[in-house]
Number of protein chains: 2
Amino acid sequence: MQELLFEFISKYITLNEEEKNVLLSLDLFRSVKKGTTLLNEGQNSKDSYFVLKGCIRTYYIKGGEEKTTAFFTEMEALTPPCVTSQTPSEYYVSCEEDAILLISNSDTGEEVNLKFPKFEIMCRKFSEELLAKERINFDEFKTSSPEQRYLNLIQKRPDLIQRVPQHQLASYLGITPVSLSRLRARIIVNNKN
Amino acid sequence: MQELLFEFISKYITLNEEEKNVLLSLDLFRSVKKGTTLLNEGQNSKDSYFVLKGCIRTYYIKGGEEKTTAFFTEMEALTPPCVTSQTPSEYYVSCEEDAILLISNSDTGEEVNLKFPKFEIMCRKFSEELLAKERINFDEFKTSSPEQRYLNLIQKRPDLIQRVPQHQLASYLGITPVSLSRLRARIIVNNKN
DNA sequence: TTCTTTTCTTATCTTTAGATAACGAATGTA
DNA sequence: TACATTCGTTATCTAAAGATAAGAAAAGAA
């Protein structure tokens, strides 16, 4: 697991042994059981999540309905808005598979960044990259129909379709579960012709 | 204009006079006429944009149709994916109003960041903030109907509805111009009852 | 195992978005 | 000014999504 993390970090900065040890000494690795709620609506957390293994999910409850908006799997990171805006969380974060996460508190994170400018650089590059990706994703979402979005998802994140229940995928695709089921049936029929 | 910039920066870091002068010496301010294309599809640019005044817009051309995906107005920033990924741009960036932009090259940007860690910190905070906002936006988009998205836009960015042609707003909302026109009519009728 | 809950599908009906065309209004240009 | 282009609305038709209900299959718990 540590190796995975360092390999990931090496895409942004080069760490020496000492720096690696500093990072490990922070003791950020956590095993989390499937079904665990990491963040509740209304809660005021300072924790960010980096997924080393498993899958976590963000969802809102609107009109009594769960609205899933994102999944974070291996090597993906989530800093909930409540962390930076210091307001109660609008959504839930739950663990969808037994997972190994790196959970870091924003206060200690800031400290580390101050002591090790390298980490600051890494964080900057990483968030710039995530922002660019997020915008592209959003662009694709806006310019596609539900069916295209589903087909696109099959291409881009085939694993998600296997590891996540369909009704969660549905709201992730911006549609209802019933609609996704129909749409899938339609695709199969059309492919036969 | 410089004052506006420094005021914005002060939300993230504190600059002394010397640092302000360094920033100004980079000579990044540009006046851009309405209608100017800042970035073409297929182009390999290294420029990022920060809007001090005016409005710029990103759009794709898909099947001969313009698909507008984003607007950037006062104090908003755009680093096109081609800048960081070093691949040809997938979209266009055009100037929708006479504007004053801060246009910075990613190479010189990196240099400045190296010399002034403060800028690095600012960039990190700024992109983290933008990422959080972008995700919230995307979440709201996914969990709303076209009509709710339009009403939401009226609340959140009332200026856009005034300053941008409706057919561009439409694809920004993920729908066709005809559909937006209809939806607006529907809202008016429903409000009368 | 049995029972319950969750998940997915299918069907019906209603609502709304997409495609296309036609029209008037506004805008820009010669 | 006259002309052309762009822009927004409206109407028609089609296709697909939302709401709701019902049922089967799968998963989880007692």
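In this text the structure is predicted, and so the values were computed from the model without any measurement. No hydrogens, no waters, no symmetry mates; every other heavy atom, side chains included, goes into these values. Numbered from 1 within each chain, the chains take letters A, B, ... in sequence-line order.
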Under 4.0 Å between a Lys/Arg side-chain N and an Asp/Glu carboxylate O for A:Lys125 and B:Glu110? no
From B:Tyr150, B:Phe71, B:Phe141, residue fulfilling ring-ring contact (aromatic ring centres under 6.0 Å, His included) relative to B:Tyr172: B:Phe71
For the pair A:Tyr60 and B:Asp139, evaluate side-chain hydrogen bond (donor to acceptor under 3.5 Å, both in side chains) and give the outcome as yes or no after the intermediate values. CA-CA 9 Å; A:Tyr60 297 73; B:Asp139 289 355; 2.7 Å; yes
Have A:Ser48 and A:Ser104 got a donor and an acceptor in their side chains that come within less than 3.5 Å? no
For the side chain of A:Ser181 and the backbone of A:Pro177, is there at least one donor-acceptor N/O pair under 3.5 Å apart? no
Apply the salt bridge (charged side-chain N to carboxylate O under 4.0 Å, His left out) test between A:Asp98 and each candidate in A:Lys34, A:Lys33, A:Arg30; give the one that qualifies. A:Lys33
Looking at B:Ser179, does any N or O in its side chain come under 4.0 Å of the phosphate oxygens OP1/OP2 on C:dG18? yes
Nearest whole Å is fine: how far is C:dA17 P from A:Leu183 CG? 17 Å
What's the CD-C1' distance between A:Gln148 and D:dA17, to the nearest Å? 15 Å
Rounded to whole angstroms, how far apart are CZ on A:Arg149 and C1' on D:dA17? 11 Å
Interatomic distance, B:Glu147 CD vs D:dG18 P [rounded to whole Å]: 14 Å
Separation of C:dA17 P from A:Lys142 NZ (nearest whole Å): 17 Å
Between the protein and nucleotides 9-13 of chain C, which nitrogen or oxygen pairs come in under 3.5 angstrom?
unit_1: C:dT9; atom_1: OP1; unit_2: A:Arg184; atom_2: NH2; d: 3.4
unit_1: C:dT9; atom_1: OP2; unit_2: A:Gln166; atom_2: NE2; d: 2.4
unit_1: C:dT9; atom_1: OP2; unit_2: A:Ser181; atom_2: OG; d: 2.9
unit_1: C:dT9; atom_1: O5'; unit_2: A:Ser181; atom_2: OG; d: 3.1

Does A:Lys115, at its NZ atom, have more than 12 non-hydrogen atoms belonging to other residues, nucleotides or ligands within less than 6.0 Å? no
Among the candidates C:dA17, C:dT7, D:dA17, find the nucleotide nearest to the side-chain atoms of A:His167. C:dT7
Atom pair CD1/CD of A:Ile13 and A:Glu120 - distance to nearest 0.5 Å: 11.0 Å
For the atom pair CG (B:Leu101) and CG (B:Leu52), what is the distance rounded to the nearest 0.5 Å? 7.5 Å
Contact nearer the 5' end of DNA chain C, comparing B:Arg186 with B:Lys34: B:Arg186
If the helix axis at each end comes from five base pairs, how far does the helix from C:dT1-D:dA30 to C:dA30-D:dT1 deviate from straight, to 10°? 50°
In whole angstrom, what separates B:Ile175's CD1 from D:dA16's C1'? 15 Å
Given atom CD of A:Gln168 and atom P of C:dT6, what is their separation to the nearest angstrom? 13 Å
How many whole angstroms separate atom CD of A:Glu66 from atom C1' of C:dC8? 16 Å
